[in-house]
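Quick notes on the structure that follows.
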Amino acid sequence: MIDGRGWRTGALVEKREIPMYYLRITQYAQDLLDELEHMTEWPERVRTMQGNWIGRSEGVRIGFPYELDGQRHVLSVFTTRADTLMGATFCAVAAEHPLATHAARTNPALAEFVEECKRGSAQEAEIAVMEKRGMATGLFVTHPLSGKKIPVWVGNYVLMTYGEGAVMGVPGHDERDFNFAVKYGLPIEFVIAPAGMDAAAFSMTQWREEFAAYGVCINSGKYDGLDYQGAVDAIAADLQKQGLGEKQVQWRLRDWGISRQRYWGCPIPLILCPKCGDVPVPDEDLPVVLPENLVPDGSGNPLNKTPSFYECKCPKCGGDARRETDTMDTFVDSSWYFLRFACTDNGRAMVDERANYWMAVDQYIGGIEHAILHLLYSRFWMRVMRDMDLIKVKEPFARLLTQGMVLNNIYSRHSGEGRVEYFHPDDVDVQLDANGAQVGAKLRSDGQPVQWEGMRTMSKSKNNGVDPTDLVARHGADAIRVFMMFKAPPEDTLEWSDDGVEGSARFLRRLWRMVWEHVERGPPAKGPRQDLVALSPAQREMRRLAHATLVKVTDDYGRRRVFNTAIAAVMELMNALQKFDDTSEQGCAVRHEAIELIVQLLAPIAPHICHELWRQLGHTDSLIDHPWPQPDPQALIQERVEVVVQVNGKLRAKVEVGASASKDEISAAALADATIQKWIEGKPVRKVIVPPGGKLVNVVV
RNA sequence: GCGAAAGUGGCGGAACUGGUAGACGCGCUGGAUUUAGGUUCCAGUGGGUAACCCCGUGAGGGUUCGAGUCCCUCCUUUCGCACCA
């Protein structure tokens, strides 16, 4: 939608009331919220976002009585700040509220305003930034506690979909109400004294953040002196006595409207009978099958123009009826498709017993953009199926990984008439300065400059997609896997880079060559033989590094679930091993052990190459059947360790001490160091701090 | 606007519990090998400085012996906001 018109047809967009089918997700709000707490294998931020989306708030429903056409009615509002009720100076209702409709009947200006509000956006983001406007209805309601008459306004910021489509206006203690009151000259009353704020600071013209703070009731008659909770409790009790309110839990979550006015979705299996109402399609007539020969012409749902689809008989009374032509939101399908993988061959039921065996999904992967809707709808759908005895589990996804999207460079040229042409990064040569920073880009075919628009999500329209099959053919699937796992943590966006893939391929070639040379040098059939006591310091250090890498990589894969640092650790080990040119029998045995570890550690990332290298190393079993290696505690022991010495928090020297040195020994060694002596010369040493771990000393002078 | 994240060299990122900032890789520079290009190998690579050193994790303040990490204020970017899915 652009400027209130559809971008394709130019048609004016308007809000319209359409009867729709809703799924009552709100009925499960509490359980959907409660269970989040136990879903520890989901990312924290997704759980937080879902919790906020469900949006439980505890407050008070308050009734403002009024008379209309001689009959007594009550305008209901919900508030989390019932303590401010005595400061309510107006009420505001949504444009769709019955009171607004009623008042508009006799008030043309109001009718026009109401119509204007209805034309406005329904999107939360747009409502939030639009100008707050209102108009008096001329109607008044009675304040339930003070008995004062207070005016009812129509506000374009009041949502019909939240609560009952009406709010009380407390300009003294709500910023939105304050601005509204100032704008329209409505009275402002201050009824809360925020802690630590001087009462003289109250202003009738300038909003201050503190006005909304909790505090003690003032100017509130019998409630004066009560704090937030005391006032809420007392006011709720008084309202309840009069039948004009009670404590209530309100949810931000709305019911799920699933009707879509288009034909390429799953049919809603209902028949609309003028006599019997909405009648479900009988089981034996399911599924309802859509015609496949329809072509949308841009003027609404083609099913509405297809009598062969919508004309039918009512299953109850046999009379002429009309089949529902709205179809379902595609989120409906995505809410349970995963269950069907367990029972694809069952054409008689949604699921069968096998789904109970396989569910929940052990590891679900999806983009962060699905953090709320898809993942919440699926959780809801499972609960419904469980309540219908179709399945036994209620949480669909045991562990969730929200992976980042893949980005690539975008290059374009903008022509005069606002047209844009996008060029594939493969067809562009990049110009670099002496540091390797990108300073420009040219199209290879004509040598003329193109504009770089940064790294963005791969898409057809931006012509920056990459076909993985070409790359797999050129470098092998292992190299692509190593690149993708190495480039960034899986949750982060992945910036595509041909050079990066090249680097991963180079790394794997280096590994291949290293194993090859090792195997050539001596028959591994002899097996690794190490006399641990007789290892030289260099051999011992090599062996320590290999086992330390094993510990780190195991932790990264297991507890931390990050792969880029695991691969980096293996690369480090390989770099060290390449410098280790010890060809003695002991040296070869140490190298053999380290190489085997590398092959095993890398196998989850580069399975094909590692499988083959494992066999080259003389094994007859398959690597995938081989148990994960265990570190040798003996190998991890260090005799001497390096200690970093700081003076006033700045790194000044490094000293070596025995691995079992005490704190006193460490600080003595640090203070004895010549460089440190120079730094502390002439200044009294006030403190020497040796934090646990014994890897660092800070000398404070 | 609201909710959720993120911001570290030329680039992607590392630093896990407040303790050596820049691991690892890409790129770049120089050299070796090569008829040449590519490949491979070696060395260097945050900024300033002749050096000692100084400065540096989006900006500004604070806590601490010590802050990329904790606290406060602000800026920017990304995701979501219910009819794109």
Side-chain angles (χ1 to χ4, degrees), chain A residues 1 20 25 43-53 55 122-130 157 161 176 252-262 329-331 333-334 367-374 376-377 402 404-405 430 432-439 454-457 482-483 486-489 491-504 506-507 509-510 513 552 555-556 559-560 562 564-572 574-575 578 642-654 686-693 695-701:
Chain A
M1 191 173 97
M20 304 222 306
I25 189 170
E44 191 63 47
R45 63 167 162 162
V46 174
R47 292 191 284 156
T48 310
M49 281 193 260
Q50 288 210 355
N52 291 339
W53 182 261
Q123 293 195 351
E124 196 184 81
E126 288 185 40
I127 291 168
V129 292
M130 76 185 176
Y157 63 95
T161 46
R176 200 164 47 171
R252 210 185 79 92
L253 183 67
R254 305 203 300 258
D255 278 330
W256 175 15
I258 59 154
S259 298
R260 297 290 181 272
Q261 293 73 46
R262 62 182 178 209
D329 181 2
T330 47
F331 270 130
D333 313 297
S334 62
I368 187 67
E369 69 273 20
H370 292 299
I372 294 174
L373 295 182
H374 164 57
L376 192 63
Y377 289 147
T402 52
M405 292 193 269
V430 172
L432 305 172
D433 69 11
N435 291 324
Q438 183 171 334
V439 290
M455 279 267 179
R456 293 292 166 99
T457 320
V482 168
F483 164 72
F486 177 64
K487 188 80 174 172
E491 295 81 7
D492 293 2
T493 54
L494 175 81
E495 296 194 353
W496 193 264
S497 143
D498 286 348
D499 287 331
V501 176
E502 210 69 62
S504 297
R506 197 179 307 149
F507 166 64
R509 277 198 299 271
R510 231 155 41 97
R513 205 163 43 238
K552 161 141 187 78
D555 188 48
D556 279 355
R559 179 182 63 89
R560 297 216 302 153
V562 285
N564 56 335
T565 50
I567 296 170
V570 173
M571 286 175 169
E572 270 183 90
M574 239 172 76
N575 290 344
Q578 261 171 348
E642 192 183 65
V643 174
V644 170
V645 187
Q646 298 178 334
V647 176
N648 286 347
K650 294 204 163 158
L651 174 64
R652 296 302 180 195
K654 292 174 182 181
R686 288 202 296 177
K687 237 196 261 186
V688 179
I689 296 161
V690 184
K695 281 159 70 181
L696 180 140
V697 180
N698 189 13
V699 182
V700 184
V701 297

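Below, chain A is the first sequence line, B the second, and so on; all start at residue 1. For the numbers below, each heavy atom of this structure counts, side chains included, while hydrogens, waters and symmetry mates do not.
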Indicate syn or anti for B:G66, taking the glycosidic torsion and treating anything within 90° of 0 as syn.
anti

B:G58 and B:A5: how far apart are their C1' atoms, nearest whole angstrom?
16 Å

Paired and unpaired positions of RNA chain B as dot-bracket, Watson-Crick or G-U wobble under 3.5 Å, | denoting a partner strand:
(((((((..(((......[....)))((((((.......))))))(((....)))..(((((..]....))))))))))))....

When rounded to the nearest Å, what value does the distance between P atoms of B:U45 and B:G10 take?
15 Å

Which word best sums up how the rings of A:Tyr377 and A:Trp256 line up, parallel for under 30°, tilted for 30 to 60°, or perpendicular for over 60°?
parallel

Sugar-phosphate, base or nothing in reach of A:Ser259, heavy atoms under 4.0 Å:
base

Say you pick atom P in B:G66 and the same atom in B:G19; how far apart are they, in whole Å?
14 Å

Could you tell me how far apart A:Arg260 (CZ) and B:A85 (P) are, to the nearest whole angstrom?
6 Å

Given atom CG of A:Asn52 and atom P of B:G80, what is their separation to the nearest angstrom?
17 Å

Taking atom CZ as the centre, does A:Arg252 end up with more than 12 heavy-atom neighbours from other residues, nucleotides or ligands that are less than 6.0 angstrom away?
yes

Rounded to whole Å, the CZ-P distance (A:Arg456 to B:U78) equals 6 Å

Can you confirm whether A:Arg510 sits close enough to A:Asn575 that some side-chain heavy atom of one is under 4.5 Å from a side-chain heavy atom of the other?
yes

With the side chain of A:Arg559 defined as its heavy atoms from C-beta on, choose the nearest nucleotide among B:G19, B:C16, B:G13.
B:C16

Are any of A:Arg506's side-chain N or O atoms less than 4.0 Å away from OP1 or OP2 of B:C26?
yes

From C-beta outward on A:Arg254, which listed nucleotide comes closest to its side chain: B:C24, B:C83, B:A82?
B:A82

From B:G12, B:C83, B:U20, nucleotide with atom closest to A:Leu696 side chain
B:U20

If you only use heavy atoms from C-beta on, which nucleotide in B:A85, B:A14, B:C24 is closest to the side chain of A:Glu572?
B:C24

Do any side-chain nitrogens or oxygens of A:Asn564 fall under 4.0 Å of OP1 or OP2 in B:G25?
no

Look at the rings of A:His374 and A:Phe331 and say which category their plane angle falls in: under 30° parallel, 30 to 60° tilted, over 60° perpendicular.
parallel

Measuring only between side-chain heavy atoms, which start at C-beta, is A:His370 closer than 4.5 Å to A:Ser334?
no

Write down the distance separating the C1' atoms in B:C24 and B:C75, rounded off to the nearest Å.
31 Å

Kindly indicate whether the side chain of A:Arg686, heavy atoms from C-beta on, has any atom under 4.5 Å from the side chain of A:Val700.
yes

Just call it for A:Val700: base, sugar-phosphate, or nothing, with non-hydrogen atoms closer than 4.0 Å on any strand.
sugar-phosphate

Give a yes/no answer on whether the side chain of A:Arg560 brings an N or O atom under 4.0 Å of OP1 or OP2 in B:A15.
yes

Does A:Arg252 put a side-chain nitrogen or oxygen below 4.0 Å from OP1 or OP2 of B:G3?
no

Is any side-chain nitrogen or oxygen of A:Asn698 closer than 4.0 Å to OP1 or OP2 of B:G19?
no

Distance below 4.0 Å between A:Asn575 side-chain N/O and B:G25 OP1 or OP2
yes

d(CD, A:Gln646; C1', B:A67) in whole Å:
12 Å

Quick one: label A:Ile567 by what it contacts on the DNA or RNA (base, sugar-phosphate, nothing), any heavy atom closer than 4.0 Å.
nothing

What nucleic acid atoms does A:Trp53 come within less than 4.0 Å of, heavy atoms only: base, sugar-phosphate, or nothing?
base

Between B:C16 and B:A6, how far apart are the P atoms? Round to whole Å, please.
14 Å

Determine the Euclidean distance between corresponding P atoms of B:G68 and B:G9; express it in Å to zero decimal places.
14 Å

Is there a donor and acceptor pair closer than 3.5 Å between the side chain of A:Lys695 and the base of B:U20?
no

When the C1' atoms of B:A15 and B:U69 are considered, how many whole Å apart are they?
9 Å

Tell me: CZ of A:Arg45 to P of B:A4, nearest whole Å?
12 Å

Select base, sugar-phosphate, or nothing to describe what A:Met574 touches, counting heavy atoms under 4.0 Å on all strands.
nothing

Test side-chain contact (heavy atoms from CB on, under 4.5 Å) on A:Ile689 and A:Gln646; report intermediate values, then the result.
CA-CA 10 Å; A:Ile689 296 161; A:Gln646 298 178 334; over 6 Å; no

Under the side-chain contact (heavy atoms from CB on, under 4.5 Å) test, which residues partner A:Met571, sequence neighbours left out?
A:Phe486, A:Phe507, A:Ile567

Nearest to the side chain of A:Leu373, heavy atoms from C-beta on, is which of B:G25, B:C81, B:A15?
B:C81

How many angstroms lie between atom CE of A:Met20 and atom CG of A:Asp329, to the nearest 0.5 angstrom?
9.0 Å

Rounded to whole angstroms, how far apart are OH on A:Tyr377 and P on B:G80?
14 Å

Grab the CG-C1' distance between A:Asp555 and B:U17 for me, whole Å please.
13 Å

RNA chain B: A:Lys687 or A:Glu369, which has the more 5' nearest nucleotide?
A:Lys687

Given atom CZ of A:Phe331 and atom C1' of B:A82, what is their separation to the nearest angstrom?
8 Å

Apply the test side-chain contact (heavy atoms from CB on, under 4.5 Å) to residues A:Val46 and A:Ile368: give CA-CA distance (whole Å), side-chain angles for both, the deciding distance (0.1 Å), then the verdict.
CA-CA 8 Å; A:Val46 174; A:Ile368 187 67; 4.0 Å; yes

Out of B:C26, B:G12, B:A23, whichever nucleotide has its closest atom nearest the side chain of A:Ala568
B:A23

Nearest-neighbour nucleotide for the A:Phe486 side chain, B:G25, B:C79, B:G19 considered:
B:G25

Starting at the 5' end of RNA chain B and moving along, which residue's nearest nucleotide shows up first, A:Thr48 or A:Gln261?
A:Thr48

Measuring only between side-chain heavy atoms, which start at C-beta, is A:Met455 closer than 4.5 Å to A:Thr493?
no

Using the C1' atom as the point on both nucleotides, what is the distance between B:G60 and B:G22, in whole Å?
24 Å

Does A:Arg686 have a side-chain nitrogen or oxygen under 4.0 Å from the phosphate oxygens OP1 or OP2 of B:C65?
no

B:A21 phosphate, OP1 or OP2: any side-chain N/O from A:Lys650 under 4.0 angstrom?
no

